[in-house]
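Side chains are part of it too, since the values below use all heavy atoms of this structure and drop only hydrogens, waters and symmetry mates. Quick note on labels: first sequence line is chain A, next is B, and so on, each numbered from 1.
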2 protein chains.
Amino acid sequence: MARWEPNARGRLEDAALDLFTERGFDKTTIAEIAQRAGLTERTFFRHFADKREVLFGGSALLRDLLTGAVAEAPADASPLDAVAAALEKAGSLLQERHPYARRRQAAIEANEELLERELVKLASLADALATALRSRGVAAPEASVAAETGIAIFRSAYPLWVAADDSTQLPDCIRAAFATLRGLTAPE
Amino acid sequence: MARWEPNARGRLEDAALDLFTERGFDKTTIAEIAQRAGLTERTFFRHFADKREVLFGGSALLRDLLTGAVAEAPADASPLDAVAAALEKAGSLLQERHPYARRRQAAIEANEELLERELVKLASLADALATALRSRGVAAPEASVAAETGIAIFRSAYPLWVAADDSTQLPDCIRAAFATLRGLTAPE
DNA sequence: AGCCTGATGTCAGTTCATGACATCGAAAGA
DNA sequence: TCTTTCGATGTCATGAACTGACATCAGGCT
């Protein structure tokens, strides 16, 4: 028989999102999260570097997905095409968890500190994308701009999807945002 | 005779940047910053919402400059042109403080929390740009994408300028990044 | 059996952040 | 000039976020 209940990390994540939703991030203490998960405050900090990080456990996964997709894009795909393909793939993954994404996003948007952390995660995704592009032989400036632009697109599309009804597909939103960008930069 | 030394806020900003440079953000306590500025910890928090904010007092200025520049762009300028013009104007302002920008950026890049705050400020600049574009009659999706793209450009250009020698001009870096973007999105 | 490992617990301490109230020059009005 | 009000700062107290050091103990390994 195991000494402890399994999946402490997952229990902490669930407890945290529940409490943030109920009473907000600020009004929730780590002791409360830990208690609801049947653990102690100290153990929380063994699983998450700080209080906010408990909502961002999935971002490493997303990063791997994006870099993998860029690496596997057709050899003749342009940098921006590769980025677009990667973002749409990531969009498909997130699509599967629309209800969860909504709860999580509501909590994030209700709190400045969480918004900060989200932006950092997006920026690190941009870095990962740029690195993946360079591995394809894309020059550094192009890689950086393409990656940052991709994240800019995502930042435009994601809130629309989160706010939309369940039938709206995130990959479609992303495609639409890319089309908008091409319209903006097209010669008159 | 004044009851207190003038410019408490500025003294706190100077003391903070000095200490962050000397021993790093983490190893600096607010009590130390306040003491060096001849004030108390409590007063620090009357001037800045938290410890990081002491490095970001200028961002409101930058936001006003950007929104003003967008508003004053020629009526026939495209959204992206208006954003580009605003960014170059902001670039000129920052150019005047290259040495300060370097010290500040070194401190920021040495600490994850400060990096977070910087990203938030950039995101709020993106929001401000988008709002200014909508005031010009630009539709919401175009405004959002143009603004986010502009900030993406800035994020690509700014580190290059900070790392470059004193003769490098930030507006030039921004123009170059825009040119890179147009190259990326141009039809083959 | 005996040892080791690793996830968790316990406890003490530092720092960040905020609320409540006190202080006292200076500006403004009677 | 006297008095009042105001605003920037100080003092004190407290809660909550984090961190380091050490203890515990089931399960696996030899």
Peer 1: Check whether any side-chain N or O of Gln95(B) sits under 3.5 Å from a backbone N or O of Leu170(B) as a donor-acceptor pair, and report yes or no.
Peer 2: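 Indeed, once roles are kept as given, a pair shorter than 3.5 Å links the two residues.
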
Peer 1: Could you state the atom-to-atom distance from CG of Asn111(B) to P of dC18(D) in whole Å?
Peer 2: 13 Å

Peer 1: Rounded to the nearest angstrom, tell me the gap between atom CZ in Arg23(A) and atom C1' in dA16(D).
Peer 2: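 To the nearest whole Å, that distance equals 14 Å.
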
Peer 1: Tell me if the CZ atom of Arg136(A) is crowded by more than 12 foreign heavy atoms within 6.0 Å.
Peer 2: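 Yes - once you tally the heavy atoms of other residues, nucleotides and ligands closer than 6.0 Å, there are more than 12.
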
Peer 1: Which atom pairs, one a donor and one an acceptor, fall under 3.5 Å between side chains of residues 62-70 of chain B and the rest of the protein, sequence neighbours left out?
Peer 2:
| from | atom 1 | to | atom 2 | distance (Å) |
| --- | --- | --- | --- | --- |
| Thr67(B) | OG1 | Arg63(B) | O | 3.1 |
| Thr67(B) | OG1 | Asp64(B) | O | 3.1 |

Peer 1: Between P on dA17(D) and CZ on Phe45(B), what's the gap in Å once rounded to a whole number?
Peer 2: 15 Å

Peer 1: I need the CD-P distance between Glu32(A) and dG15(D), as an integer number of Å.
Peer 2: 14 Å

Peer 1: Answer yes when Asp172(B) and Arg175(B) have at least one side-chain N-carboxylate O distance shorter than 4.0 Å, and no when they do not.
Peer 2: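 Answer for the salt bridge query: yes.
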
Peer 1: What's the CZ-P distance between Phe48(B) and dT9(D), to the nearest Å?
Peer 2: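 So the two atoms are 11 Å apart, to the nearest Å.
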
Peer 1: In whole Å, I'd like the distance from the CD atom of Glu113(A) to the P atom of dA16(D).
Peer 2: 14 Å

Peer 1: Can you check the Leu19(B) CG to dC16(C) P distance for me, whole Å?
Peer 2: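 Taking CG of Leu19(B) and P of dC16(C), I get 12 Å after rounding.
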
Peer 1: Please say which of Glu22(A), Arg23(A), Arg36(A) ends up in a side-chain contact (heavy atoms from CB on, under 4.5 Å) with Thr28(A).
Peer 2: Arg23(A)

Peer 1: Rounding to a whole Å, what distance do you find between Glu53(A):CD and dT19(D):P?
Peer 2: 12 Å

Peer 1: Which letter, B, S or -, goes with each nucleotide of nucleotides 5-15 of chain C from 5' to 3', with contact meaning a protein heavy atom under 4.0 Å?
Peer 2: -BBBBBB---S

Peer 1: Got a second to check how far Ser92(B)'s OG is from Ile174(B)'s CD1, nearest 0.5 Å?
Peer 2: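 With rounding to 0.5 Å, OG (Ser92(B)) is 8.0 Å from CD1 (Ile174(B)).
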
